[in-house]
2 protein chains.
Amino acid sequence: MRKNPIVQRETLGAAVLQIRSGRATSRTTLAKALGISPSTTGLYVDHLIAERYLNESGLNQGPMGRPRRLLTTQADAGWFAGVEFNAQRIQAVGVDFSGTLKSTVETLLPADVLAEQVMKSILCCVAKLAETMQGPLLSVGLGVPGLVDAHAGVGLYYAFIADWKQVPVVEILGSKLNVPVILQNNLRAIALAERWFGIGHGLNDYVILGPRSGFGVAMVQNGRVIEGAHHVAGEIGRWPWPLTGGADGGQELHHALSAPATWRRLAGEGGKGALPEDLRGALAALADSSGPEWDAVCADYARVIGLLHMIIDTGVFILHGPLTMLGERFCHSVTEAACSLMPVLRGVGLQVVPSTLGDNAGALGAASQAMEAWAPA
Amino acid sequence: MRKNPIVQRETLGAAVLQIRSGRATSRTTLAKALGISPSTTGLYVDHLIAERYLNESGLNQGPMGRPRRLLTTQADAGWFAGVEFNAQRIQAVGVDFSGTLKSTVETLLPADVLAEQVMKSILCCVAKLAETMQGPLLSVGLGVPGLVDAHAGVGLYYAFIADWKQVPVVEILGSKLNVPVILQNNLRAIALAERWFGIGHGLNDYVILGPRSGFGVAMVQNGRVIEGAHHVAGEIGRWPWPLTGGADGGQELHHALSAPATWRRLAGEGGKGALPEDLRGALAALADSSGPEWDAVCADYARVIGLLHMIIDTGVFILHGPLTMLGERFCHSVTEAACSLMPVLRGVGLQVVPSTLGDNAGALGAASQAMEAWAPA
DNA sequence: TGGGGTTTTTTCGCATTCGAATAAAAAGCC
DNA sequence: GGCTTTTTATTCGAATGCGAAAAAACCCCA
């Protein structure tokens with residue numbers, strides 16, 4: 001038996017992440033991924049297997065040489081909770097240690113809900129998840145709307161919950177749950193969700209488009225989410241925005257490209273009245289439409305995407321939120337419009353794609369945060 | 001005497017950087033800055049002093065306790081070359097080991113110059129610098145116009161030198177000079193120059209505005225220059241740009257905000273003819289002007305800055321190039337215009353400032369690259 | 001002048017981490 | 001089947017880097 005050294009928490013966590021994500025499958029590949037020597041890696045893996053976080057699951061024969069001893073995460077070693085909320089509802093997911101989504105809980109919030117109530121409901125959701133999950137809760141990720149100081153663990157401001165100002169979320173939840181709590185803006189959490197559960201798997205540079213009640217983006221640059229010096233990077237909803245084809249100047253991007261606004265514009269005369277109950281459904285019904293309204297909406301999206309692309313040069317734009325219901329065709333139209341509006345963009349691999357994740361992308365992203373932050377005790 | 005271990009090149013380089021930049025002044029502060037233990041730091045410092053890269057220069061008494069033994073870089077331990085060029089000229093600077101600018105060389109290039117000639121002239125400039133500098137040449141930084149693959153060390157494309165396509169600059173110069181050669185886009189090099197020689201000293205997030213013959217920006221996020229997935233981050237010159245107050249649609253940002261275009265707009269009727277020989281001087285003469293042209297130019301700049309700020313949330317915009325001649329007043333006007341155009345920007349500490357670096361900012365930035373990349377043999 | 005307090009630097013033993021060599025496990029080949 | 005070749009995992013000695021404690025250097029105050 002090998003000697004049993006004291007190993008570094010952080011490195012253990014990183015090792016588990018590599019195995020879970022499939023970027024490393026054996027001791028040697030793990031050594032390369034972590035940038036540490038094979039001998040040390042062996043010690044770490046031994047430790048993780050002894051603690052029942054990893055196990056060996058067969059061999060993988062390459063074209064030649066000794067086969068690699070495949071490493072996998074032990075699914076029942078514990079679980080991660082991911083929670084996202086807005087003024088209307090809380091969504092929570094339970095993810096097992098292997099990174100598989102196992103359980104989902106959704107709770108509607110009453111109108112004019114306050115911060116304290118939200119916190120309580122979140123605890124309630126996590127408790128409900130716990131009933132269905134195996135092993136101990138390891139950490140909790142939280143996707144918070146509005147302005148967030150992820151580092152400090154504080155929700156700074158959210159317009160649609162009256163007293164949501166400077167809420168020390170990590171402190172509040174951490175003391176109740178006794179596990180690490182990791183905060184992030186919900187759109188930036190979605191960016192992580194795409195890495196773990198969606199299209200962003202091998203991508204290092206992409207942008208999340210988040211048209212909901214407003215419009216914001218989250219940018220991933222070289223594998224890192226851009227936070228900004230004041231935590232407001234990507235909050236472009238208040239850009240002045242002259243609608244393409246429209247006459248009204250002095251508007252803001254929010255009013256042009258939010259999900260409700262987009263529906264109104266696409267629905268034409270039918271969009272004059274109140275918003276439909278089921279906005280996603282209503283948008284899905286418009287997925288095949290065309291005409292000047294369609295073209296105008298596409299042109300507006302195209303312009304935003306073009307501008308963004310030329311600033312941060314990412315390439316892939318992943319559309320989230322209700323507008324994914326407009327489908328691939330919409331995304332194609334936008335890509336096309338962007339290229340014809342800004343010919344430079346041809347040939348740089350610009351693409352707009354609808355997210356394959358559903359409504360719970362935010363919660364999944366929060367769970368991803370939890371996974372990334374975890375390290376064994 | 002302490003034992004004499006084999007130390008890590010990289011860490012030695014990082015240590016020198018910390019001392020040179022003044023972020024660390026003694027063994028203990030250096031240990032904190034590098035994130036290694038004081039005991040190990042002592043060994044590294046011993047090594048660097050023995051190799052004559054550092055020396056001790058007196059004591060610094062704090063309010064209490066043992067005084068720190070101040071560490072400084074040995075100015076004559078060697079020197080770094082920084083070179084920048086465009087289609088008209090080469091600028092080269094020599095910086096001693098303490099990071100002080102010691103020597104400058106400028107060479108004009110003939111019209112229709114080709115890549116090979118540029119390479120030769122660069123070597124010539126470096127040779128000229130060498131005559132005035134002490135110690136061995138340690139590394140060379142190069143600020144290259146156009147598209148650059150910094151990692152690969154290849155100049156990808158530059159419109160104003162006919163055969164500047166896929167030029168393996170690092171390979172060519174490295175083999176002649178036998179020292180490390182580090183490449184970067186010239187605007188991004190300027191971003192580094194601001195860190196070492198200008199306003200960006202303690203800043204982690206800022207944007208360089210580079211209006212010259214075109215318009216581009218370089219963005220620093222959390223201390224890192226944003227490169228983009230295809231090396232074109234910040235190349236926003238080809239944004240469609242409806243001039244504020246003007247009627248002509250279908251233009252591009254280049255045509256609205258480049259240095260010549262700005263002069264033309266500000267000069268009004270006087271700007272119809274040919275460009276003045278001395279554009280910087282001509283712009284300086286307009287620094288006190290006002291009227292609708294002035295306001296329109298400020299509004300255009302304001303809009304660009306506002307958009308950028310809301311995307312990447314940096315805060316400080318440093319103006320470079322000929323337009324710095326318009327002075328503080330111009331920058332103030334732009335800041336004001338941005339805040340009145342986008343009221344959200346009030347109170348987020350948005351500021352536009354003219355660079356204090358002169359015409360050779362690019363070369364200084366290239367030298368900064370060289371310094372940052374160097375590590376003892 | 002000498003002791004207590006404080007901060008920086010060094011000493012010293014220990015052990016984590018590495019490197020190189022070795023062992024292990026399989027394929028291909030005669 | 002034994003041989004080489006190739007790749008993966010482990011062993012083992014060496015040493016780099018760390019932590020704790022000691023030493024050094026200065027202040028202040030009696």
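These numbers come from the heavy atoms of this one structure, side chains and all, not from hydrogens, waters or symmetry mates. Letters go in sequence order (proteins before strands), and every chain restarts at 1.
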Between A/Glu171 and A/Lys176, is there a salt bridge with N-O shorter than 4.0 Å? no
Atom CZ of A/Arg9 and atom C1' of C/dT16 are separated, to the nearest Å, by 18 Å
Atom-to-atom span, CZ of B/Arg27 to P of D/dA24 - whole angstrom: 15 Å
OP1 or OP2 of C/dT16 sitting under 4.0 Å from any side-chain N/O of A/Tyr44? no
Nearest-Å distance for atom pair CG/P, residues A/Leu43 and C/dT16: 9 Å
Could you check if a side-chain atom of B/Leu59 sits within less than 4.5 angstrom of a side-chain atom of B/Arg68, using non-hydrogen atoms only? no
Taking atom C1' of C/dT17 as reference, at what distance in whole Å does atom CD of B/Gln8 sit? 11 Å
Using OP1 and OP2 only, check whether a side-chain N or O of A/Thr28 sits under 4.0 Å from D/dT8. no
Compare the minimum distances between each of D/dA9, D/dG19, C/dT8 and the side chain of A/Ser26, then state the nucleotide with the smallest one. D/dA9
Write down the distance between CG (B/Leu12) and P (D/dT16), rounded to a whole number of angstrom. 13 Å
Without decimals, in angstroms, what is the distance between A/Leu30 CG and D/dT10 C1'? 15 Å
Please determine, by modelled atom types, if B/Asn60 and B/Thr25 share a side-chain donor-acceptor pair under 3.5 angstrom. no
Contacting residues from residues 51-71 of chain A, given that a heavy atom lies under 4.0 angstrom of DNA chain C: A/Leu59, A/Gln61, A/Gly65, A/Arg66, A/Pro67
Aromatic ring pairing A/Phe80/A/Phe97, orientation class (parallel under 30°, perpendicular over 60°, tilted between): parallel
Could you tell me whether A/Gln61 atom CD has more than 12 heavy atoms of other residues or ligands within 6.0 Å of it? yes
For B/Ala191, does its backbone N or O pair with a side-chain atom of B/Tyr206 as donor and acceptor, under 3.5 Å? yes
Do we see a donor-acceptor contact under 3.5 Å between the side chains of A/Ser355 and A/Glu194? yes
Can you check whether A/Thr40 has a side-chain N or O nearer than 4.0 Å to OP1 or OP2 of C/dC18? yes
Using a cut-off of less than 4.0 Å, is there contact between a side-chain N or O of B/Ser39 and OP1 or OP2 of D/dC18? no
